[in-house]
Amino acid sequence: MDEAKWYVAHTYSGYENKVKANIEKTVENRNLQDQILEVIVPLETVVEIKDGSKKTAQKKMFPGYVLIKMVMNDDSWYVVRNTRGVTGFVGPGSKPVPLTPAEIRSLGINFPGEEEAKPVIVFNGKVGDQVKILSGAWENTVGQIVNINEGKQCVTINVEMFGRETPVEIDFTEVKLL
């Protein structure tokens, strides 16, 4: 028997969970558990900070896509391709291409059983806003945002030190918009 690999199926946006449920039901009904092993809709934990309060939410990492671990053969291909809401597999032409292990790692997806990734924080401030630092060496200092770095999850603010404006990088979680 061939080895199961991860494939990406394209779906109508908003139908990801329905497609997952339909594929799982079809697998159960047709007894294909040995061919289609797992179907996931990758989610990430997002922390939004609004008015100083943190809210955690689950957000789809790739809207319009579902990851499927399966042994590619005519039966499994037919089941997935003919599931309502699926528009096709990701790959050139009609031939699905499995994800490489490097691609799977680079996606940063937590497959069931793996440890959870660091949550992504959505910061609602903008350059020019005033913020107050909540902890650390600069606690209770007020400054103006001069740069927002989403990748590093931090803001650069100007604080006054020795009578001069000095830029300081602070994590999103350690500032509050004023």
Side-chain angles (χ1 to χ4, degrees), residues 5-21 38-69 85-92 96-178:
K5 295 185 176 160
W6 285 101
Y7 294 87
V8 181
H10 188 264
T11 69
Y12 295 126
S13 190
Y15 279 73
E16 302 88 353
N17 292 328
K18 189 171 271 249
V19 165
K20 176 184 187 306
E38 201 171 347
V39 183
I40 64 169
V41 177
L43 299 172
E44 64 183 334
T45 303
V46 177
V47 179
E48 291 184 353
I49 300 176
K50 279 190 178 176
D51 303 325
S53 64
K54 296 180 190 177
K55 292 187 176 140
T56 305
Q58 292 284 78
K59 184 175 131 189
K60 291 180 184 122
M61 288 178 76
F62 309 110
Y65 296 94
V66 173
L67 295 178
I68 304 165
K69 186 173 189 177
V86 173
T87 60
F89 281 98
V90 173
V97 177
L99 294 173
T100 64
E103 288 172 324
I104 293 169
R105 278 192 303 278
S106 72
L107 292 176
I109 297 168
N110 290 328
F111 294 101
E114 293 182 5
E115 71 179 60
E116 184 150 335
K118 183 180 175 189
V120 175
I121 298 170
V122 177
F123 184 72
N124 293 319
K126 58 186 181 302
V127 173
D129 285 350
Q130 293 285 320
V131 293
K132 181 178 181 180
I133 301 174
L134 302 174
S135 62
W138 299 98
E139 187 173 359
N140 294 325
T141 303
V142 175
Q144 184 175 13
I145 297 174
V146 292
N147 186 33
I148 299 172
N149 187 331
E150 297 283 342
K152 287 175 66 179
Q153 301 278 289
C154 67
V155 293
T156 304
I157 63 170
N158 276 339
V159 295
E160 192 172 312
M161 185 166 71
F162 306 121
R164 295 180 176 205
E165 292 277 306
T166 305
V168 177
E169 272 191 4
I170 305 289
D171 284 354
F172 287 165
T173 59
E174 297 187 24
V175 295
K176 177 182 178 182
L177 289 169
L178 296 177

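The analysis underlying the following values was restricted to heavy atoms, covering all of them including side chains, and did not include hydrogens, waters or symmetry mates.
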Positive for side-chain contact (heavy atoms from CB on, under 4.5 Å) with Cys154, one of Asn149, Asn147, Thr173: Asn149
Option among Val39, Val8, Ile40, Val86 that satisfies the side-chain contact (heavy atoms from CB on, under 4.5 Å) test with Val66: Val39
Quick one: are [X] and [Y] in side-chain contact, heavy atoms under 4.5 Å?
X: Asp171; Y: Gln153; result: no
X: Ile133; Y: Ile157; result: yes
X: Leu99; Y: Leu67; result: yes

How many angstroms lie between atom [atom1] of [X] and atom [atom2] of [Y], to the nearest 0.5 angstrom?
X: Glu139; Y: Leu134; atom1: CD; atom2: CG; answer: 8.0 Å
X: Leu177; Y: Lys126; atom1: CG; atom2: NZ; answer: 8.5 Å
X: Glu38; Y: Lys20; atom1: CD; atom2: NZ; answer: 8.0 Å
X: Thr141; Y: Ile170; atom1: OG1; atom2: CD1; answer: 8.5 Å
X: Lys69; Y: Lys5; atom1: NZ; atom2: NZ; answer: 11.5 Å

Residue pair Phe62 / Pro42: nearest heavy atoms and the distance that separates them: CD1-CG, 3.9 Å
Minimal non-hydrogen separation, Val97 against Gly91, with atom names: CG2-CA, 4.1 Å
Partner set under side-chain contact (heavy atoms from CB on, under 4.5 Å) for Ser135, not counting sequence neighbours: Glu174
Qualifying residues under side-chain contact (heavy atoms from CB on, under 4.5 Å), relative to Val146, sequence neighbours excluded: Thr156, Asn158
Quick one: side chains of residues 12-19, donor-acceptor pairs under 3.5 Å with protein atoms, not counting sequence neighbours, listed by atom name and distance.
| unit_1 | atom_1 | unit_2 | atom_2 | d |
| --- | --- | --- | --- | --- |
| Glu16 | OE1 | Gly14 | N | 3.2 |
| Glu16 | OE1 | Lys60 | NZ | 3.2 |
| Glu16 | OE2 | Gly14 | N | 3.4 |
| Glu16 | OE2 | Gly64 | N | 2.4 |

Under 3.5 Å: donor-acceptor pair, side chain of Thr87, backbone of His10: yes
